[in-house]
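One is the number of the first residue; the rest follow in order along the sequence.
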Amino acid sequence: MSLSYKEKYVPHEPSPIRAELVVRPDLLRVSFSVSLETEGIEQTLPLLQRACEQLQRRAREATGAEVTLRPRDTRINHPAPKKLSLPEDDDRATVAVSGLLVVPLPAELDFWARSTRVGALVRVCHEVERDSRETKKQPRFSFGTVEAFVSQPEAHRTELLRRFVERAREMASALGSAEAPLQVVDCAPAGAVEQTPVSLEEVGLSLHVHCRLDVVRERAH
């Protein structure tokens with residue numbers, strides 16, 4: 001959240017105020033991409049689907065948890081034509097599917113149990129990627145970094161808004177005076193709750209609300 005104070009006798013705006021909340025994450029998330037070079041796009045997608053289903057099954061077995069696979073995008077890339085290429089080479093393309101693997105982090109898991117689940121997920125991702133590179137003409141996997149997130153960040157919106165109001169009042173009290181009291185004006189609609197992974201035990205949530213502090217003078221009757 002950000003809050004600025006604009007008044008003719010103030011030469012600059014103070015630093016933005018950010019109302020943030022630290023909460024305990026309840027899921028692990030890792031991005032993945034699986035691709036295959038092919039001459040027939042229609043036949044490739046079922047192969048990639050089966051590879052994703054195998055990945056999900058291996059992740060479930062490794063973590064002992066209900067792993068959710070969320071495909072998000074499909075990309076088809078045709079290689080640039082070469083001068084000496086054969087006509088059949090024009091049909092070749094690389095089909096890639098990307099998405100997320102999501103693993104729950106129940107509240108009853110302590111730090112060590114959470115670490116064990118992270119280790120299991122990292123290990124299976126490494127093994128799947130290694131296996132895919134050792135087998136030719138098979139779907140090839142790559143993975144991002146395992147991070148902890150909150151599944152329902154919007155559930156904390158009310159608390160974030162309460163903290164923003166509290167900090168806005170503190171700032172108005174500190175900068176204003178009895179002769180020129182400050183109030184919050186010109187507030188834009190709040191955006192989505194944003195989250196920043198910190199650790200297995202902490203995720204930072206923030207809500208951007210752009211407002212301005214100003215002196216509201218009563219109109220003369």
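- The nearest pair of heavy atoms linking H156 to V150 is NE2-CG1, 4.3 Å.
- Across all their heavy atoms, A107 and R114 have their closest contact at CA-NH2, 4.3 Å.
- The heavy-atom pair separating P71 from L69 by the smallest distance is CD-O, 3.4 Å.
- Here CZ of F32 is found 9.5 Å from OG of S142. Values are rounded to the nearest 0.5 Å.
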Q) Can you list the steps and then say if S115 with L200 is a side-chain contact (heavy atoms from CB on, under 4.5 Å)? A) CA-CA 8 Å; S115 297; L200 274 177; 3.5 Å; yes

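- A salt bridge is absent between E53 and R50; no separation between the charged side-chain nitrogens and carboxylate oxygens falls under 4.0 Å.
- Between the CD atom of E129 and the OG atom of S33 there is a distance of 10.0 Å, given to the nearest 0.5 Å.
- R29 is not listed as a side-chain neighbour of P197, based on a closest heavy-atom distance of 4.5 Å or more.
- With hydrogens and angles ignored, the 3.5 Å screen pairs no side-chain donor or acceptor of R75 with any backbone N or O of T94.
- V102 and L109 sit in two unconnected hydrophobic clusters of ILVMFWY residues. Membership requires side-chain heavy atoms under 4.5 Å apart, directly or through other members.
- When hydrophobic clusters are built by joining Ile, Leu, Val, Met, Phe, Trp and Tyr residues whose side-chain heavy atoms come closer than 4.5 Å, directly or via intermediates, F149 is not grouped with V122.
- One N or O on the side chain of E154 and one on the backbone of V193 form a donor-acceptor pair closer than 3.5 Å.
- Within the model, atoms CD of E194 and CG of L160 stand 10.5 Å from one another, a figure rounded to the nearest 0.5 Å.
- Linking Ile, Leu, Val, Met, Phe, Trp and Tyr whenever their side-chain heavy atoms come within less than 4.5 Å puts F141 and I76 in one cluster.
- Distance check, rounded to the nearest 0.5 Å: CZ of R117 to CG of L28 gives 7.5 Å.
- Using a 4.5 Å heavy-atom threshold, the side chains of V128 and F143 count as touching.
- Within a 6.0 Å radius of CD in E134, more than 12 heavy atoms belonging to other residues, nucleotides or ligands are found.
- Proximity of a side-chain donor or acceptor of R72 to a complementary backbone N or O of L100 within less than 3.5 Å is not detected.
- Atom CZ in R60 sits 10.5 Å away from atom CG in L55 (nearest 0.5 Å).
- Linking Ile, Leu, Val, Met, Phe, Trp and Tyr whenever their side-chain heavy atoms come within less than 4.5 Å puts L105 and W112 in one cluster.
- Shown here are the side-chain contact (heavy atoms from CB on, under 4.5 Å) partners of V22, two or more places apart in sequence or in another chain: E202.
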Q: Determine, step by step, whether V124 and T63 satisfy the side-chain contact (heavy atoms from CB on, under 4.5 Å) criterion, reporting the C-alpha distance in whole Å, the side-chain angles of both residues, the deciding distance to 0.1 Å, and the verdict.
A: CA-CA 9 Å; V124 74; T63 61; 5.6 Å; no

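- Taking Q54 as the reference, nothing meets the side chain to side chain donor-acceptor pair (under 3.5 Å) condition, with sequence neighbours excluded.
- When all heavy atoms of P153 and Q195 are compared, the pair lying nearest together is CG-NE2, 3.8 Å.
- Taking every heavy atom of both residues into account, L101 and A59 meet most closely at CD1-CB, 4.4 Å.
- Annotation: R133, atom CZ; neighbour count of heavy atoms from other residues, nucleotides and ligands within 6.0 Å is above 12.
- Residue R24 places its CZ atom among more than 12 non-hydrogen atoms of other residues, nucleotides or ligands, all under 6.0 Å distant.
- Here the shortest heavy-atom pairing between S151 and L27 reads CB-CD2, 3.3 Å.
- To the nearest 0.5 angstrom, Q56 atom CD is 7.0 Å from T68 atom OG1.
- You'll find the side chain of V203 reaches within 4.5 Å of the side chain of L205, heavy atoms only.
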Q) Passes side-chain contact (heavy atoms from CB on, under 4.5 Å), Q43 versus T38? Steps please. A) CA-CA 9 Å; Q43 294 79 19; T38 178; 5.6 Å; no

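- Two residues are said to be in side-chain contact when any heavy atoms from C-beta on lie closer than 4.5 Å; D131 and R58 meet this criterion.
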Q) Between V95 and L36, does a side-chain contact (heavy atoms from CB on, under 4.5 Å) hold up when you go through it step by step? A) CA-CA 6 Å; V95 182; L36 182 63; 5.8 Å; no

